[in-house]
Engineer: 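If you scroll down you'll find the structure; I have some questions about it.
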Amino acid sequence: MEFSTPTYAGTHLMVIQRGVWGLLLWPYILTVSMPLDCKEEPGSLTRCPSISQEKLLDRVIHHAELIYRVSEESCSLFEEMFIPLPLRLQSNQAGFACITKTLPIPSSKSEIEQMSDKWLLHSVLMLVQSWIEPLVYLQTTLDHYDHAPEMLVNKTKWVSEKLVSLEQGVVALIKKMLDEGTFTTTYNEQGLFQYDTLPDMLESVMRDYTLLSCFKKDAHKMETFLKLLKCRQADKYNCA
């Protein structure tokens, strides 16, 4: 089933302009992304013994920064291509809740500042793991769009792959910083994301837009938590 998605003449110029800059910057983003899989030492995936804690944290933060940056670009590109302004204004009242809304993760600044280092790391891991499946789903749905820019498809695929890499890095960081050999998250991944029925075109577009918007927010939250953790390593009492 092919979705015939709306196009708007006024948005195509903006898409082209953003696309030109995206094409220029995209190879750079791919080349500066550092690996998190610790391949320099065989069998070291779980603890990354050859990488210092500080360097590993820097790599994890770098990945999170890139993921957030590309998620912003993807969301804006999707908006310009498929979401007319009236629907953007109505999207908050559309009834689509973020899939991570039920996770026990604080959102206010005061609550975040009171989180322990352990809970910061586990919160990042929960967010990362909860988005792996939805981003795979989003790649599938984008294949059904008419006129979906190749750049949008590629960015979504890239983020999906980097999210798995980020998960590996956060797991390694938890084991290195907290010395936790095994651990379990405190939520049930099953049920967070369940789209069993095939929606109509408009509903599908709005649902995908909500996914991108929510992921962008959560990607920013991941980056914020990790940078707060980094700040605490340097100056525990002056991080906000």
Side-chain angles (χ1 to χ4, degrees), residues 33-39 44-48 51 53 56-72 74-75 96-107 111-112 115-142 155-196 207-208 210-230:
S33 179
M34 296 179 291
L36 281 174
D37 52 8
C38 310
K39 288 182 178 178
S44 64
L45 175 63
T46 55
R47 285 190 178 272
C48 302
I51 301 179
Q53 176 179 303
L56 179 59
L57 179 56
D58 286 341
R59 288 191 180 187
V60 170
I61 291 174
H62 181 68
H63 263 60
E65 288 174 337
L66 289 177
I67 287 173
Y68 174 56
R69 186 194 313 172
V70 177
S71 71
E72 278 191 306
S74 298
C75 193
F96 295 110
C98 290
I99 60 172
T100 54
K101 184 178 180 180
T102 58
L103 293 181
I105 298 176
S107 56
E111 290 177 321
I112 292 172
M115 293 171 68
S116 66
D117 292 354
K118 177 177 180 178
W119 192 236
L120 282 173
L121 281 169
H122 280 278
S123 295
V124 172
L125 183 61
M126 280 193 290
L127 289 171
V128 170
Q129 291 177 337
S130 66
W131 276 107
I132 291 176
E133 181 185 346
L135 288 183
V136 172
Y137 163 86
L138 187 59
Q139 291 180 61
T140 302
T141 62
L142 286 176
K155 284 178 183 289
T156 305
K157 181 180 180 181
W158 182 88
V159 168
S160 182
E161 292 172 350
K162 287 302 174 185
L163 202 62
V164 175
S165 180
L166 181 61
E167 178 191 24
Q168 295 172 349
V170 173
V171 168
L173 198 57
I174 287 174
K175 292 177 179 180
K176 187 177 287 285
M177 292 186 69
L178 305 180
D179 196 27
E180 295 186 7
T182 59
F183 58 91
T184 56
T185 50
T186 57
Y187 74 101
N188 182 7
E189 289 185 70
Q190 293 184 354
L192 276 182
F193 183 74
Q194 293 182 349
Y195 289 159
D196 297 326
R207 177 176 287 175
D208 294 345
T210 300
L211 279 177
L212 283 169
S213 299
C214 291
F215 177 69
K216 181 180 72 171
K217 293 177 183 178
D218 283 345
H220 184 254
K221 189 175 291 187
M222 296 174 208
E223 179 186 350
T224 299
F225 286 3
L226 290 167
K227 286 185 174 179
L228 175 58
L229 185 64
K230 172 71 174 179

Engineer: I'd like to check L178 versus H122 (side-chain heavy atoms, cut-off strictly below 4.5 Å). Are they in contact?
Structural biologist: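 SC-SC contact between L178 and H122 confirmed.
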
Engineer: Give, for atom CG of L56 and atom CG of L173, the distance between the pair rounded to the nearest 0.5 Å.
Structural biologist: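 The CG atom of L173 is 5.0 Å from CG of L56, to the nearest 0.5 Å.
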
Engineer: Would a 4.5 Å heavy-atom cut-off, applied to side chains only, mark K217 and H220 as touching?
Structural biologist: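 A side-chain contact under 4.5 Å is absent here.
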
Engineer: Could you report the tightest heavy-atom contact between M222 and L166, atom names first, then the distance?
Structural biologist: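 Between these two residues, the closest heavy atoms are SD-CD2, 4.1 Å.
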
Engineer: Please report the interatomic distance OG1(T224) to CG(L229), rounded to the nearest 0.5 Å.
Structural biologist: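 Between T224 OG1 and L229 CG, I get 12.5 Å after rounding to 0.5 Å.
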
Engineer: Could you go through K216 and S74, starting from their C-alpha distance and side-chain angles, then the distance that decides it, and tell me whether this counts as side-chain contact (heavy atoms from CB on, under 4.5 Å)?
Structural biologist: CA-CA 9 Å; K216 181 180 72 171; S74 298; over 6 Å; no

Engineer: For residues A219 and I67, report the shortest heavy-atom separation together with the two atoms involved.
Structural biologist: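 That closest heavy-atom pairing would be CB-CG2, 4.3 Å.
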
Engineer: Taking the side chain as every heavy atom from C-beta outward, state whether T100 and W131 have any pair of such atoms under 4.5 Å apart.
Structural biologist: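 The answer is yes, as the side chains (C-beta and beyond) meet within the 4.5 Å cut-off.
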
Engineer: Taking the side chain from K176 and the backbone from I51, do they hold a donor-acceptor pair closer than 3.5 Å?
Structural biologist: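 Yes; at least one donor-acceptor contact below 3.5 Å.
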
Engineer: Decide yes or no on side-chain contact (heavy atoms from CB on, under 4.5 Å) for C75 and F215, but give the supporting numbers first.
Structural biologist: CA-CA 9 Å; C75 193; F215 177 69; over 6 Å; no

Engineer: Are Y68 and E72 close enough that a side-chain donor and a side-chain acceptor fall under 3.5 Å?
Structural biologist: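 Note: Y68 and E72 side chains meet the donor-acceptor criterion.
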
Engineer: For a 4.5 angstrom cut-off between non-hydrogen side-chain atoms, does K221 reach L127?
Structural biologist: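 With C-beta onward as the side chain, the pair touches.
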
Engineer: Going through the distances and angles, do C98 and D218 end up as a side-chain contact (heavy atoms from CB on, under 4.5 Å)?
Structural biologist: CA-CA 9 Å; C98 290; D218 283 345; 5.6 Å; no

Engineer: Closest heavy-atom contact between L226 and A64?
Structural biologist: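 Minimum heavy-atom contact is CD1-CB, 3.7 Å.
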
Engineer: Sequence neighbours left out, what passes side chain to side chain contact (heavy atoms under 4.5 Å, CB included) with S123? Give chain and number order.
Structural biologist: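 Partners of S123 under the side chain to side chain contact (heavy atoms under 4.5 Å, CB included) test: I105, M115, W119, M126, F225.
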
Engineer: For K157, check side chain to side chain contact (heavy atoms under 4.5 Å, CB included) against everything at least two apart and list the hits.
Structural biologist: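 For K157, the residues satisfying side chain to side chain contact (heavy atoms under 4.5 Å, CB included) (neighbours in sequence not counted) are Q139, E161.
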
Engineer: For T156 and L135, work out which heavy atoms get closest and say how close.
Structural biologist: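 Shortest heavy-atom separation between T156 and L135 comes out as CG2-O, 4.2 Å.
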
Engineer: How close do S130 and L103 get, counting heavy atoms only, and between which atoms?
Structural biologist: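 Closest pair (atom of S130, atom of L103, distance): OG-CD1, 4.0 Å.
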
Engineer: Please report the C-alpha distance between L121 and M177 in whole Å, then the side-chain angles of each, then the deciding distance to 0.1 Å, and finally whether the side-chain contact (heavy atoms from CB on, under 4.5 Å) criterion is met.
Structural biologist: CA-CA 10 Å; L121 281 169; M177 292 186 69; 4.1 Å; yes

Engineer: Quick one: does R69's side chain get under 4.5 Å of L66's, heavy atoms only?
Structural biologist: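 Answer yes - side chains close enough.
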
Engineer: Taking the side chain as every heavy atom from C-beta outward, state whether D58 and K230 have any atom pair closer than 4.5 Å.
Structural biologist: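 Sidechains of K230 and D58: in contact.
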
